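Reviewing the structure listed below.
Everything numeric here is computed off the predicted structure, so don't read it as measured data. Excluded from the calculations below are hydrogen atoms, water molecules and symmetry mates; all remaining heavy atoms, backbone and side chain alike, are included.
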Amino acid sequence: MSKKENIFVRSLKELKSTRCLALTALLIAINIALDLLGLTIKLPPNLRIGFGFLCNAAVGMLFGPVVGMMAGVCTDVLGYFAGNLTMGAYFPGYTLTAIVGGLFWGLWLYPRKLSVWRAVGAKACINLFCNIGLNTLWLTITGGKAMSALLALRVPKNLLMLPIEAALLYFGMKLVLRLYHALPGTVETKHAAKNNSL
């Protein structure tokens, strides 16, 4: 249990960094913009791949579960006020889903080495607990449909999308790590500068 406590404490300490705050805000803004612009890949039958989850995953991977959960709240609430006001009343259940998603991204990806199996595990947890579990529950509460009817549609969709989204996650996070480590002031950049001066 102490390892889990340490990961939360370490993530909480990330909030003291201006870099953490700036990059988290940037990734939240990108996520909201992707959602508002509707940038997705549509696949038959009625499947679509969104890219906003990559922003959430990047926050969790770079800064941990605490920052990931806070980014989830901000993304959901700001996204609602930025463009979803026309979709009806605000429902806090979806904010809870975003918090749980940020927790999972941080627990699976921070501060560990990125691997294919971590990407698959993280996306599988998100699909199972958030998309199939919590979001289906919220749709049942707000839409009045039977949970069993919604599950019959949502389970196969999430299972079909899992390999594609896990591959996007893996390669997307590799790119994010490369860009992040190229920023001035990161540990890798400092070591490279020191080695070049020798």
Side-chain angles (χ1 to χ4, degrees), residues 1-32 34-35 49-79 94-135 158 161-192:
M1 186 65 181
S2 64
K3 281 189 177 183
K4 297 297 181 211
E5 291 172 354
N6 288 339
I7 197 171
F8 287 99
V9 170
R10 184 173 173 183
S11 179
L12 188 61
K13 288 179 181 176
E14 294 277 7
L15 288 170
K16 294 179 181 177
S17 161
T18 305
R19 175 181 301 228
C20 168
L21 296 175
L23 285 175
T24 300
L26 177 67
L27 289 166
I28 289 169
I30 291 170
N31 191 348
I32 293 170
L34 288 172
D35 188 38
I49 302 171
F51 299 102
F53 77 93
L54 295 173
C55 297
N56 297 339
V59 171
M61 178 185 67
L62 293 174
F63 305 117
V66 174
V67 181
M69 290 187 293
M70 294 173 104
V73 171
C74 293
T75 302
D76 187 66
V77 173
L78 292 173
Y94 296 109
T95 304
L96 180 61
T97 300
I99 292 169
V100 172
L103 173 69
F104 282 143
W105 292 127
L107 290 176
W108 275 93
L109 303 175
Y110 175 84
R112 299 172 179 94
K113 183 174 175 18
L114 182 66
S115 69
V116 172
W117 296 113
R118 286 205 179 280
V120 171
K123 193 61 186 126
C125 278
I126 297 289
N127 283 11
L128 179 65
F129 292 107
C130 296
N131 298 348
I132 294 173
L134 290 174
N135 283 348
N158 277 278
M161 298 301 290
L162 179 61
I164 299 166
E165 290 173 334
L168 274 173
L169 176 66
Y170 177 73
F171 292 111
M173 293 308 100
K174 284 282 196 189
L175 178 62
V176 166
L177 284 172
R178 178 179 283 176
L179 293 172
Y180 181 74
H181 293 310
L183 290 173
T186 58
V187 175
E188 288 78 9
T189 308
K190 288 179 184 175
H191 287 303

*asked:* Can you confirm whether F129 sits close enough to L134 that some side-chain heavy atom of one is under 4.5 Å from a side-chain heavy atom of the other?
replied: no
_Which heavy atom of P65 sits nearest to which heavy atom of S11, and what is that distance?_
N-OG, 3.4 Å
*Should the pair F63 and Y180 be assigned to parallel (<30°), tilted (30 to 60°) or perpendicular (>60°) ring geometry?*
perpendicular
*Mind listing the closest non-hydrogen atom pair of L34 and C55 along with its distance?*
CD1-SG, 4.3 Å
*Where do G72 and A98 come nearest, in terms of heavy atoms and distance?*
O-CB, 3.3 Å
_Single hit among L26, T24, I30 for side-chain contact (heavy atoms from CB on, under 4.5 Å) with I28_ = T24
*Heavy-atom check, side chain of I126 versus side chain of N56, under 4.5 Å*: no
_Minimum side-chain heavy-atom gap V66-R10 below 4.5 Å_ = no
*Answer yes or no: is there a donor N or O on one side and an acceptor on the other, between the side chain of R118 and the main chain of V116, under 3.5 Å?*
no
*Do R19 and L62 pass the side-chain contact (heavy atoms from CB on, under 4.5 Å) test, and can you show the C-alpha distance, the side-chain angles, and the key distance before you say yes or no?*
CA-CA 11 Å; R19 175 181 301 228; L62 293 174; over 6 Å; no
*asked:* Against the six-membered ring of Y170, is K123 placed for a cation-pi contact (under 6.0 Å from the centre, within 45° of the normal)?
replied: no
*Nearest heavy atoms of C130 and T97, plus distance in Å*: CB-CG2, 3.7 Å
_Could you report the tightest heavy-atom contact between V176 and A58, atom names first, then the distance?_
CG1-CB, 4.0 Å
*Just wondering, do I7 and Y110 contact through their side chains at under 4.5 Å, heavy atoms?*
yes
*Could you go through the side-chain contact (heavy atoms from CB on, under 4.5 Å) check for M70 and L15 one step at a time?*
CA-CA 10 Å; M70 294 173 104; L15 288 170; 3.5 Å; yes
*List the steps and the verdict of side-chain contact (heavy atoms from CB on, under 4.5 Å) for F53 and L169.*
CA-CA 8 Å; F53 77 93; L169 176 66; 4.1 Å; yes
*Are any of the side-chain heavy atoms of L54 and F171 separated by less than 4.5 Å?*
no
*side-chain contact (heavy atoms from CB on, under 4.5 Å) between N131 and M161: does it pass, once the steps are laid out?*
CA-CA 11 Å; N131 298 348; M161 298 301 290; over 6 Å; no
*Can you name the nearest heavy-atom pair linking A119 to A166, along with the distance?*
CB-O, 4.0 Å
*Roughly how far, to the nearest 0.5 Å, is the CZ atom of R178 from the CG atom of L183?*
13.5 Å
*How many angstroms lie between SG in C74 and CG in L27, if you round to the nearest 0.5 Å?*
12.5 Å
*Between CG of L114 and CG of L177, what distance do you get to the nearest 0.5 Å?*
6.0 Å
_Return the CG to CG distance between L162 and L128, rounded to the nearest 0.5 Å._
10.0 Å
